Undergrad: 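Here it is: the structure, laid out below.
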Amino acid sequence: MNLEQSNPLVTVYIPTFNRVELLKRAVDSVRKQTYKNLEIIIVDDCSKDGTHEYLEEISKQDSRIQYFIKEKNSGACISRNIAINKANGKYITGLDDDDYFLKNRIQNFMNAINLFDKYIILYSNNLIKRKSGLKGKSYKKIIKKSIIAKDLLYINYIGNQVFMETLNIKKFGKFNEKAIAWQDLDHWYRILNLSNKRALCIDNETYVQDCSHDFERITRSKKEKIIKAYNDFIEFNLLNDKESLILKGHLIGYGIKVEWNSLKIRFLSRDFYTFMVNLKLFLRNLLNAFKR
């Protein structure tokens, strides 16, 4: 067995835009991984904050880093797809520029690569960083570990990042560059749906999603944008009426009231965690109705 077979290359891609200080933390967390055979691909979306100077300097310090600067600002999905096209690793994963890895994240996934015989996607639960501190999911023991595409219509179990074989992320379609929101959900759903395979959540929370900073996240976007993303998801993925109603429950978390039929059909799920989420959504929808 040669070195590449025993220690295969892993690609980590990072799209970025005007968050150079947070980007430094993200890149540093990848450089400090216990698994060392990495290529780090950073794609900048025309930043104006010193990102270019940082990328030039850091790529000189670490030969594993390569970067690309887009000619015009065109969004994170195009940035991700540029990185995926350039990826040389046998395996691939992503990192948002305002988040960061714990040092054993890549090694944990590499310890589980034998599971790709059965699953097309591996992922983990995230740690959430808020101004009050770092916290994981207290209810993680009752969450589904193995999911199919349909499960994502109820809940985005996967979140924002996965670990995959690079050939599969290229084979089953890259990020939808027309999507204005829910790009991650759309991407994971499409991969699971087209491949007719499952995703698996492995143990250990090694990805920190930082919600403590003041930069804008999609959850602060206008309701009209989210409604359009919902309609686009249906069109892009050819959902039928029942699937569309199930997906509609996602809107409630953005303060959007939905018809009760959407929740009624969701309550038919026999999964306990999904039932509890639907109960929470029912109460939120009731509150949204009173706000009108």
Side-chain angles (χ1 to χ4, degrees), residues 10-15 76-77 80-81 83-84 91-96 98-102 105-106 108-109 112-113 115-116 118-128 136-137 139-166 168-176 179 181-211 217-219 226 229-230 233 236-237 239 243 246-247 249-251 253-254 266 269 271 273-274 276-278 281:
V10 176
T11 300
V12 180
Y13 62 85
I14 308 174
C77 283
R80 290 167 181 153
N81 288 340
I84 291 168
Y91 304 101
I92 190 167
T93 190
L95 173 61
D96 290 345
D98 54 341
D99 299 333
Y100 58 95
F101 291 167
L102 299 187
R105 178 168 176 80
I106 302 299
N108 281 349
F109 281 121
I113 57 176
L115 296 171
F116 281 129
K118 184 176 180 181
Y119 301 95
I120 193 169
I121 286 174
L122 300 179
Y123 67 100
S124 71
N125 290 319
N126 291 350
L127 292 166
I128 306 297
K137 294 180 178 178
Y139 43 82
K140 61 185 178 181
K141 290 185 179 180
I142 63 170
I143 301 177
K144 279 185 176 181
K145 298 281 189 183
S146 173
I147 64 167
I148 59 175
K150 182 180 177 181
D151 292 317
L152 293 175
L153 301 179
Y154 289 90
I155 303 163
N156 185 1
Y157 287 91
I158 294 176
N160 60 338
Q161 302 296 345
V162 301
F163 188 87
M164 290 185 65
E165 292 178 289
T166 305
N168 280 328
I169 204 168
K170 293 181 177 182
K171 176 181 178 181
F172 291 104
K174 302 180 185 70
F175 284 89
N176 187 342
W182 293 5
Q183 295 96 334
D184 299 320
L185 178 64
D186 171 82
H187 196 209
W188 316 144
Y189 177 85
R190 186 156 20 92
I191 290 171
L192 295 180
N193 189 45
L194 291 177
S195 68
N196 197 30
K197 290 189 175 182
R198 288 180 169 267
L200 180 71
C201 180
I202 67 170
D203 292 331
N204 299 317
E205 297 159 318
T206 54
Y207 187 100
V208 179
Q209 184 177 0
D210 189 353
C211 298
R217 282 186 177 268
I218 188 62
T219 50
I226 298 302
Y230 163 76
F233 190 105
F236 295 151
N237 295 290
L239 300 190
E243 292 167 337
I246 294 171
L247 178 69
H250 284 271
L251 300 178
Y254 298 91
R266 279 172 151 258
S269 170
D271 173 65
Y273 175 69
T274 306
M276 294 303 295
V277 170
N278 291 336
L281 289 176

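Hydrogens, waters and symmetry mates are skipped; everything else that's a heavy atom, side chains included, is used. Fair warning: this is a prediction, and the values are worked out from it, not measured in the lab.
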Undergrad: For the residue pair N160 and Y207, confirm or rule out a side-chain donor-acceptor distance under 3.5 Å.
TA: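 Yes, side-chain donor-acceptor contact under 3.5 Å.
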Undergrad: Can you find a heavy atom in the side chain of N126 that is under 4.5 Å from one in the side chain of E205?
TA: no
Undergrad: Please step through side-chain contact (heavy atoms from CB on, under 4.5 Å) for the pair F172 and I120, ending with a clear verdict.
TA: CA-CA 11 Å; F172 291 104; I120 193 169; 3.6 Å; yes
Undergrad: Would a 4.5 Å heavy-atom cut-off, applied to side chains only, mark N204 and S124 as touching?
TA: no
Undergrad: Rounded to the nearest 0.5 Å, what's the gap from CD on E165 to CD1 on I169? Could you check?
TA: 11.5 Å
Undergrad: Just how far is it from atom CG of L127 to atom CG of D210, taken to the nearest 0.5 Å?
TA: 11.5 Å
Undergrad: Could you state the interatomic distance from NZ (K150) to CG (L239), rounded to the nearest 0.5 Å?
TA: 12.0 Å
Undergrad: Please step through side-chain contact (heavy atoms from CB on, under 4.5 Å) for the pair L153 and Y189, ending with a clear verdict.
TA: CA-CA 8 Å; L153 301 179; Y189 177 85; 3.7 Å; yes
Undergrad: Would you kindly say whether N193 and N237 are connected by a side-chain donor-acceptor distance under 3.5 Å?
TA: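 There is no such pair between these side chains.
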Undergrad: Within a strict 4.5 Å, meaning less than it, do heavy atoms of the H250 and L185 side chains meet?
TA: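 A side-chain contact exists here, since the closest heavy-atom pair is under 4.5 Å.
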Undergrad: Using every non-hydrogen atom in the two residues, find where K174 and N81 come nearest and quote the distance to one decimal.
TA: CB-OD1, 2.8 Å
Undergrad: Are side-chain heavy atoms of R80 and Y13 found at a separation under 4.5 Å?
TA: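 Touching, per the 4.5 Å side-chain cut-off.
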Undergrad: If I take atom OH from residue Y123 and atom OG1 from residue T93, how far apart are they, to the nearest 0.5 angstrom?
TA: 14.0 Å
Undergrad: What distance do I147 atom CD1 and L192 atom CG have between them, rounded to the nearest 0.5 Å?
TA: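 So the CD1 of I147 and the CG of L192 are separated by 6.0 Å.
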Undergrad: With side-chain contact (heavy atoms from CB on, under 4.5 Å) as the test, would you mind laying out the steps for L115 and L200 before giving the verdict?
TA: CA-CA 9 Å; L115 296 171; L200 180 71; 3.6 Å; yes
Undergrad: If you look at every heavy atom in Q183 and C77, which pair is closest and at what distance?
TA: CG-SG, 3.1 Å
Undergrad: Is the closest side-chain heavy-atom distance between V162 and L122 below 4.5 Å?
TA: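 Answer no - side chains too far apart.
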Undergrad: Indicate whether the side chain of D96 and that of Q161 have a donor and an acceptor atom separated by less than 3.5 Å.
TA: yes
Undergrad: Between I202 and Y119, is there a side-chain heavy-atom distance shorter than 4.5 Å?
TA: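 No, every pair of side-chain atoms sits at 4.5 Å or beyond.
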Undergrad: Measure centre to centre between the rings of W188 and F175, then say whether the value is under 6.0 Å.
TA: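 When the ring centroids of W188 and F175 are compared, they turn out to be within the sub-6.0 Å range.
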Undergrad: Does this structure show an ion pair linking R198 with D151, if we count only N-O contacts that are shorter than 4.0 Å?
TA: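 Looking at R198 and D151, the cut-off is not met.
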Undergrad: Nearest 0.5 Å, what's the CG-CG distance between D203 and N108?
TA: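 If we round to the nearest 0.5 Å, D203:CG and N108:CG are 9.0 Å apart.
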Undergrad: Any idea which heavy atoms bring L95 and F101 closest together, and the distance?
TA: CD1-CE2, 3.7 Å
Undergrad: Measure up the F163 and F109 rings against each other and bin them: parallel (under 30°), tilted (30 to 60°), perpendicular (over 60°).
TA: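 Judged by the thresholds at 30° and 60°, the geometry between F163 and F109 is parallel.
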Undergrad: Assess the residue pair Y91 and T11 against the criterion (side-chain contact (heavy atoms from CB on, under 4.5 Å)); give the C-alpha distance rounded to whole Å, side-chain angles, the decisive distance to 0.1 Å, and a yes or no.
TA: CA-CA 6 Å; Y91 304 101; T11 300; over 6 Å; no
Undergrad: Just wondering, do W182 and N176 contact through their side chains at under 4.5 Å, heavy atoms?
TA: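 Not in contact.
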